[in-house]
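Quick caveat: nothing in here was measured; it's all calculated off a predicted structure.
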Amino acid sequence: MSGTPIIELRGVSKRFVKHLDAAARFAAKLGVNVREEIVRAVDGVDLAVRQGEVVGLVGESGCGKSTLGRIVAGILPQSEGEVRYRGKTQAERSASERARAALAIQMIFQDPYASLNPRMRVADIVGEAPLYHGLVDKAGAEAYVDETMRQVGLDPGFKRRYPHQFSGGQRQRIGIARALAVQPEFVVCDESVAALDVSIQAQILNLFIELRSRLNLTYLFISHDLGVVRHLSDRVVIMYLGRIVEEGPADALFDKPNHPYTVALLGEIPRLDTRKRVFAPVKGEIPSPLNPPTGCHFHPRCPHVMARCRIEAPALREIAAGRKSACHLNEAQ
Amino acid sequence: MTEATLRVESLQTHFFTKAGIVKAVDDVSFSVARGKILGLVGESGSGKTVTGFSIMGLVDPPGRIVGGRILFNGQDIVGLSEDRIREIRGNRIAMIFQDPMMTLNPVLKVETQMVEAIRAHADIDRLTARNRARDALGQVGIPSPEERLDAYPHQFSGGMRQRVAIAIALLNKPDLIVADEPTTALDVTIQGQILYEIQKLARETKTALIWITHDLSVVASLADEICVMYAGRIVERGSVDEVLDRPAHPYTAGLIGSVPSRNAKGTPLVQIPGVMPSLLNLPSGCAFRQRCARADDACAAAAPEPVGARRQVRCIHPLTEVA
Ligand SMILES: Nc1ncnc2c1ncn2[C@@H]1O[C@H](COP(=O)(O)OP(=O)(O)OP(=O)(O)O)[C@@H](O)[C@H]1O
Ligand SMILES: Nc1ncnc2c1ncn2[C@@H]1O[C@H](COP(=O)(O)OP(=O)(O)OP(=O)(O)O)[C@@H](O)[C@H]1O
Ligand code: SF4
Ligand code: SF4
Ligand SMILES: [Mg+2]
Ligand SMILES: [Mg+2]
């Protein structure tokens, strides 16, 4: 595949700054050791996604996946760097182009309940935007909502209900229906099937796959479920503490992970045939984005750590065709 | 035999909606012994959360427990006064909600919420409580717990919020924890950390656990027993090995077959054909019959009754005999 990527990130970072409140500012004046806390949620990410591609985004809880997803979806401004959709940043577009671009990129949120208006009926949650943007006319709106609900395995008979009257997994599917109803080109799926039992999960994933082949839909698929990611993704991106540490074609990466973090991650996959396993606590301290380790972020937990790793952050470099990894070991050889 | 921590007998919880009666939980029975872990799995919308809410006394109108008993340490807690229920809740029974924001108050700092939860049930000073809260955050793998205590829920990631809710449920070492999809958004390493703490709690304080999840691989490695729910009923029950290795109910077998790692990459995933019928108007006979390859006329005639004692199945033509 060639041509301009549908989404391209260059040097994107996001910092959340916790400003000092009045009392803390006063204490600081008196010489007490308080300072502003900065969370580096996303730290210098470059990423390109081609039309029709499914890119899986994987990483530890709190490593910045949702933050990155929201930046891609254009609902959270980055602190640094550039986000291009079809080659242009939003600033380079006219107002009407901007609105169209915003509609074309949809996000399915990790937390379905918080993202659904509790006072709106499902019919309106799903049907309002397509009607407003002229994707359907008033006469066709009802049938359109029914069809969209059916696609995600929801009974259209329940469209007069409010979100709290649904189960957790049903709510998650309302979020999916709402995103798909506006016929997007690019969907950021944030843990979108996490609350679904495997059979309904299969139905939704099959729907994603079908929409992709029918409409050439592109996905950024955030999930902690490595089985799902492998099944669905063409390419996988592994994040650790705000940075991309490895990326590559799904099969190659799963079969031969390069980065020590990826190796550790894949070793932990729970399986149906492990019974009564005795779980062990996480080894070593879990690093904090408030105070990230120097050099390679993974060094306090890495079995291969070298002196250099504590000082110098490894760059994300090509290690084979289409594969990149950020680890000093790759240069040692 | 010692008294089970929790024994649910023929529980029925229905919602009386304008459109009709939703029989979200209909004749559900199971028990959990001290220090044991019961996995409750099943289709989305099958009544798992409502079962948990019933145990917690949290079913709101138009919903109501219309039948059955819930024995907690031998005492029936259905219909207890709100005061008594509140006393038990948060102290002897805790729930980890599917939506962590049910536990967390968005406008309060995490510290305030945790310290209050501790001090409501233990006579200790603020500083001791704060230290306990900090350690609890560390146990669920939250880095920089000291600094994070001062944050508000929205400043946490989705999985971190879930972990704070877990930490709060573990605080008072209750006799019973109902955990509703507690690790759905957690990566494997953090999940391992949580499961380690859970196993420790079950072992050391003999806490009984109901672990509601759709993730069969987690139940496989954690639970002692499994109950499979479908359309408001438990359709299969048994030890983990029995249920996962020799499923008797066709629905259970379908679930196991849908696990992505059992499907070849790129091919469509095996899904159980059809959808769960609306709980408003269940078909006559077996609720699974429109989706079942083994269904025949007998399945339409009457709803199958549970067969077996400890190991149970509700199916006329089970894949393996259980009796
Ligand atoms: N307030 C309510 N009014 C009407 N129906 C309700 C209400 N709350 C729940 N239900 C219905 O009861 C059924 C059981 O819901 P429950 O939340 O227990 O499902 P669940 O098994 O937890 O599913 P999930 O895995 O999706 O969370 C669902 O079909 C749901 O639509
Ligand atoms: N609004 C905010 N204010 C302050 N910090 C924030 C905010 N949103 C996110 N963060 C912090 O940014 C980091 C990354 O969060 P993010 O939600 O992107 O993680 P994630 O990879 O999606 O994790 P999870 O798998 O748990 O959902 C976390 O440390 C989080 O606490
Ligand atoms: S750079 Fe060093 S610490 Fe980082 S992953 Fe590679 S070997 Fe480990
Ligand atoms: S009772 Fe009949 S329809 Fe129901 S699960 Fe068994 S075989 Fe299938
Ligand atoms: Mg997230
Ligand atoms: Mg539920």
Side-chain angles (χ1 to χ4, degrees), chain A residues 16 18 37 58-62 66 110-111 113-114 153 155 157 165-170 173 191 194-203 205-206 209 224-228 230-231 250-251 264-265 268-282 285-291, chain B residues 17 19 41-45 49 98-99 101 141-144 147 151 155-160 163 180-181 184-193 195-197 199 214-218 220-222 240-241 244 254-256 258-263 265-266 268-272 275 278 280:
Chain A
F16 293 104
K18 189 175 133 201
E37 281 170 7
V58 173
E60 201 154 72
S61 170
S66 297
Q110 181 170 11
D111 180 349
Y113 202 51
D155 184 346
Q165 294 172 307
F166 289 86
S167 77
Q170 289 165 342
R173 283 174 277 160
E191 300 287 358
L196 303 177
D197 59 278
V198 281
S199 176
I200 296 199
Q201 191 172 307
Q203 182 185 345
L205 295 177
N206 289 340
I209 295 169
H224 73 283
D225 188 328
L226 299 169
V228 169
R230 179 170 196 171
H231 188 86
D251 280 332
L265 190 69
E268 297 272 346
I269 302 182
R271 298 153 52 105
L272 218 51
D273 46 17
T274 30
R275 300 292 154 79
K276 270 298 187 187
R277 171 172 156 210
V278 177
F279 289 92
V282 175
E285 201 183 328
I286 299 173
S288 167
L290 279 168
N291 188 8
Chain B
T17 68
V41 302
E43 182 121 327
S44 173
T49 298
Q98 191 165 9
D99 175 4
M101 289 316 284
I142 304 254
S144 305
E147 289 86 351
Q155 295 173 318
F156 286 78
S157 78
M160 287 160 79
R163 282 179 276 157
D180 194 357
E181 303 277 7
T184 40
L186 299 180
D187 56 282
V188 284
T189 34
I190 300 292
Q191 187 169 297
Q193 168 77 24
L195 300 180
Y196 163 75
E197 293 294 338
Q199 283 179 334
H214 68 281
D215 190 337
L216 290 175
S217 48
V218 169
S221 39
L222 185 71
V240 168
D241 291 341
L244 294 183
L255 267 189
I256 295 170
S258 307
V259 174
S261 59
R262 303 209 151 193
N263 286 258
K265 186 186 159 65
L269 291 158
V270 179
Q271 53 187 77
I272 301 171
V275 293
S278 160
L280 275 176

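- The candidate from B/Gly254, B/Ser278, B/Ala151 with the greatest count of non-hydrogen atom pairs under 4.5 Å with chain A is B/Ser278.
- Annotation: maximal heavy-atom pairing with chain A below 4.5 Å, among B/Leu186, B/Asp241, B/Val218, B/Thr17, occurs at B/Leu186.
- In this structure, A/Phe279 and B/Ser221 approach most closely via the heavy-atom pair CZ-OG, 3.7 Å.
- Nearest heavy-atom pair, A/Arg173 versus B/Ser44, reported as atom, atom and distance to 0.1 Å: NH2-OG, 2.7 Å.
- Proximity to chain A (any heavy atom under 4.5 Å) is shown, for B/Glu197, by neither the backbone nor the side chain.
- Residues B/His214 and A/Leu196 share a closest heavy-atom pair of CD2-O, 2.7 Å.
- Among all heavy-atom pairs drawn from A/Asn206 and B/Gln271, the shortest one is ND2-OE1, 2.7 Å.
- Residue B/Ile142: no heavy atom, backbone or side chain, is found under 4.5 Å from chain A.
- Contacts of A/Ala250 with chain B are made by side-chain atoms alone, with heavy-atom separations under 4.5 Å and no backbone atom involved.
- The greatest number of non-hydrogen atom pairs below 4.5 Å with chain B, out of A/Gly157, A/Pro289, A/Ser288, is found for A/Ser288.
- Every residue was checked against the salt bridge (charged side-chain N to carboxylate O under 4.0 Å, His left out) condition with A/Glu191, not counting sequence neighbours, and none meets it.
- Contact tally against chain B (heavy-atom pairs below 4.5 Å) for A/Ala202, A/Ser167, A/Pro287: the top residue is A/Ala202.
- For A/Ser199 against B/Ile272, the heavy-atom pair with the smallest separation is OG-N, 3.2 Å.
- Residue contact with chain B, scored on non-hydrogen atoms closer than 4.5 Å, involves the side chain of A/Gln110 exclusively.
- Residue contact with chain B, scored on non-hydrogen atoms closer than 4.5 Å, involves the backbone and the side chain of A/Leu265 alike.
- The two residues B/Ile190 and A/Ser61 come nearest to each other via the heavy atoms CG1-CB, 4.4 Å.
- Here B/Ala220 is the residue among B/Ala220, B/Gly159, B/Ser144 with the most heavy-atom pairs under 4.5 Å with chain A.
- The side chain to side chain contact (heavy atoms under 4.5 Å, CB included) search around A/Gln165 returns A/Arg161, A/Tyr162, not counting sequence neighbours.
- For B/Glu43, the parts sitting under 4.5 Å from any heavy atom of chain A are the backbone and the side chain alike.
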Apply side-chain hydrogen bond (donor to acceptor under 3.5 Å, both in side chains) to A/Glu60 and B/Thr189, showing your working.
CA-CA 7 Å; A/Glu60 201 154 72; B/Thr189 34; 3.1 Å; yes
